[in-house]
S.K.: 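Below you will find the structure I want to go over with you.
In what follows, chains carry the letters A, B, and so on, assigned in the order in which the sequence lines appear, proteins first and then strands, with residues in each chain numbered from 1.
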Amino acid sequence: MRNKGSVGSMIEIYFGVMIIMFLFISSIYFANQSQANSTADVVAINSGFECYNNLNNILKTDKIFDTKTSLYLGESDNDLDNLNIINNYLENINLDFKLIISENCDSFEESCEYDDLSVSSVHGDISNKIKTVSCSGAISKKICEEDCTKFLHMEIYE
Amino acid sequence: MKKGIIIILYSIGLLAVLSLILISTYEPKNFTVEIGKTQQEIVKLTELSQNYQNFIQDSAINSAYNSRFYEGDEFEINFVLDFEKRVNEYPKFYKDFTIFEYSLYMDYIFEFEEDNRVKIIGLPDQILDTQFYLDSDDVIYSDGDIYIRDYILINSSIMEFKFYPYFEIYSDYGLNNPQNDEENN
């Protein structure tokens with residue numbers, strides 16, 4: 001009986017060793033044969049150039065108000081009328097965007113946050129479209145006591 | 001438990017683990033690569049710099065307008081105070097943007113002309129420092145002197161950008177003088 005147990009144990013060890021050897025050899029073989037398959041979606045980030053460039057051009061041009069836009073906006077309090085004038089001047093631009101004037105912007109680090117009370121004017125049709133990029137620029141008010149800066153924002157929709 | 005059983009169980013466990021690894025790598029993995037991050041940063045920094053340059057020039061024009069009833073030294077003092085108040089309201093971008101507090105000293109050149117017009121040139125300049133600036137990271141130690149740097153250093157996550165604001169305007173001064181008017185301001 002004792003010899004039978006020893007033989008059975010030896011057979012189990014033999015099978016175990018064989019299985020481990022099989023794993024070892026096959027893992028080397030399949031490691032050589034293996035091929036990693038993957039697919040990659042390459043997404044180009046919107047640089048925002050269109051937004052910033054348009055905004056800076058609007059602020060620096062003297063074609064819209066016969067004086068530099070940023071100076072005019074800094075002097076005038078009729079923000080809504082001014083935004084509509086800008087939008088009318090840009091009527092031939094094939095771009096859907098919203099222009100906003102707000103009084104506050106703490107940081108340009110990410111993007112300005114402005115409240116719903118800010119004055120805005122829409123160019124084109126932005127319904128059922130999503131905002132793809134936004135940008136902001138600062139305007140110096142001509143006459144002021146405390147807050148001497150207001151902000152023009154542009155949101156582009158696609 | 002017999003040693004043989006342990007080895008068999010161990011080998012079966014090992015086989016199961018390897019099978020899982022094989023199965024998990026069999027299916028192609030999908031991942032997304034975003035390109036253009038650097039381009040995005042460059043666009044944002046350069047366009048913000050343009051906006052700041054435009055803002056600083058407008059601020060100078062408005063400060064000159066608000067100082068139009070002063071003459072000589074009073075004009076200069078009022079202009080500088082009003083101008084720096086305005087420019088300090090510009091929002092910070094990235095972690096390093098506090099213009100007149102730490103990052104930049106704006107120097108001014110005033111040239112008063114005979115026709116009651118003044119030419120104002122604003123440009124960054126280093127200054128000999130005082131204790132006021134000693135807590136700033138922007139202090140430059142050079143030959144025993146302490147300087148504040150003369151540019152705005154803008155840091156983003158991947159690049160640094162040095163910005164040197166500059167403006168030059170002409171303005172009437174001393175409008176309390178009846179010979180002057182506001183038309184050419």
Side-chain angles (χ1 to χ4, degrees), chain A residues 5 8-23 26-27 30 34 36-49 51-53 55-56 59-60 68 70-71 74-75 104-110 112 135-144 147-149 151-152, chain B residues 2-12 14-15 18 21-22 25-44 46-48 50-63 65-66 82-83 85-95 97 156:
Chain A
S9 181
M10 287 296 290
I11 292 171
E12 289 164 0
I13 292 172
Y14 175 76
F15 273 108
V17 169
M18 288 302 292
I19 291 172
I20 291 175
M21 280 186 66
F22 171 74
L23 286 173
S26 61
S27 63
F30 283 111
S34 65
N37 295 317
S38 63
T39 58
D41 296 327
V42 180
V43 178
I45 297 174
N46 191 330
S47 68
F49 176 77
C51 186
Y52 280 112
N53 195 42
L55 191 71
N56 276 331
L59 289 173
K60 286 192 277 190
K68 198 165 79 166
S70 57
L71 283 174
E75 184 177 359
N104 298 315
C105 174
D106 293 332
S107 171
F108 281 158
E109 191 167 357
E110 295 296 332
C112 286
C135 54
S136 305
I139 298 167
S140 180
K141 292 181 185 175
K142 187 169 188 177
I143 298 172
C144 58
D147 297 327
C148 294
T149 309
F151 301 91
L152 178 64
Chain B
K2 292 178 181 176
K3 290 177 183 175
I5 294 293
I6 294 173
I7 293 175
I8 290 174
L9 289 175
Y10 171 75
S11 58
I12 291 171
L14 195 61
L15 184 64
L18 287 174
I21 295 172
L22 188 66
T25 56
Y26 181 73
E27 289 293 327
K29 295 299 175 188
N30 184 273
F31 56 95
T32 303
V33 178
E34 292 186 340
I35 59 171
K37 186 72 177 171
T38 304
Q39 175 75 6
Q40 185 186 39
E41 297 274 355
I42 292 170
V43 166
K44 186 170 184 179
T46 51
E47 296 294 337
L48 278 178
Q50 278 197 41
N51 177 252
Y52 179 69
Q53 184 66 45
N54 184 61
F55 176 82
I56 205 170
Q57 185 138 3
D58 289 354
S59 296
I61 292 170
N62 291 331
S63 296
Y65 176 81
N66 289 332
D82 188 87
F83 175 75
K85 172 179 174 293
R86 289 170 178 276
V87 178
N88 275 327
E89 288 187 10
Y90 196 84
K92 65 178 181 180
F93 50 91
Y94 300 107
K95 61 184 178 184
F97 194 87
S156 74

S.K.: In terms of heavy-atom proximity below 4.5 Å to chain B, should A/Ile139 be classed as side chain, backbone, both, or neither?
M.R.: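 Contact with chain B involves the backbone of A/Ile139 alone.
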
S.K.: Among B/Arg86, B/Glu89, B/Gln57, find the residue that satisfies the side-chain hydrogen bond (donor to acceptor under 3.5 Å, both in side chains) test when tested with A/Ser140.
M.R.: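 Checked B/Arg86, B/Glu89, B/Gln57 against A/Ser140; only one passes side-chain hydrogen bond (donor to acceptor under 3.5 Å, both in side chains): B/Arg86.
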
S.K.: Count the heavy-atom pairs under 4.5 Å between each of A/Ala40, A/Gly137, A/Ala138, A/Cys51 and chain B, then report the option with the highest count.
M.R.: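 Most heavy-atom pairs under 4.5 Å with chain B: A/Ala138.
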
S.K.: What's the spacing between A/Thr39 OG1 and B/Phe31 CZ if we round to 0.5 Å?
M.R.: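 So the gap between those two atoms works out to 7.5 Å.
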
S.K.: OH/B/Tyr90 to SG/A/Cys105 distance, rounded to the nearest 0.5 angstrom?
M.R.: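 Result: 8.5 Å between the selected atoms.
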
S.K.: Given side chains that start at C-beta, do those of A/Cys135 and B/Glu47 come closer than 4.5 Å, heavy atoms only?
M.R.: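 Contact flag for A/Cys135/B/Glu47 side chains = no.
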
S.K.: A/Asn56 versus B/Asn54: any side-chain heavy-atom pair under 4.5 Å?
M.R.: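 No, side chains not in contact.
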
S.K.: With rounding to the nearest 0.5 Å, note down the distance linking SG in A/Cys144 to CG in B/Asn62.
M.R.: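 The distance works out to 8.0 Å.
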
S.K.: I need the minimum non-hydrogen distance between A/Ser47 and B/Gln39, along with the two atoms involved.
M.R.: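 Looking at all heavy atoms of both residues, the closest pair is CB-CG, 4.0 Å.
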
S.K.: So, taking the atom named CZ in A/Phe49 and the one named CD1 in B/Ile42, what distance separates them when rounded to the nearest 0.5 Å?
M.R.: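 The CD1 atom of B/Ile42 is 12.5 Å from CZ of A/Phe49, to the nearest 0.5 Å.
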
S.K.: With the side chain counted from C-beta on, respond yes when B/Val43 and A/Asn53 share a heavy-atom pair under 4.5 Å apart, and no when they do not.
M.R.: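 Not in contact.
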
S.K.: For B/Asp58, which residues count as a side chain to side chain donor-acceptor pair (under 3.5 Å) partner, sequence neighbours excluded?
M.R.: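 Per chain and number, B/Asp58 pairs via side chain to side chain donor-acceptor pair (under 3.5 Å) with A/Lys68, A/Ser70.
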
S.K.: Is A/Tyr14 close to chain B through its backbone or its side chain, or both, or neither, when contacts mean heavy atoms under 4.5 Å?
M.R.: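 Interface part for A/Tyr14: neither.
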
S.K.: Using the test salt bridge (Lys or Arg N to Asp or Glu O under 4.0 Å), find all partners of B/Glu34 that sit at least two apart in sequence or belong to another chain.
M.R.: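 Salt bridge (Lys or Arg N to Asp or Glu O under 4.0 Å) check on B/Glu34 returns nothing, list empty.
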
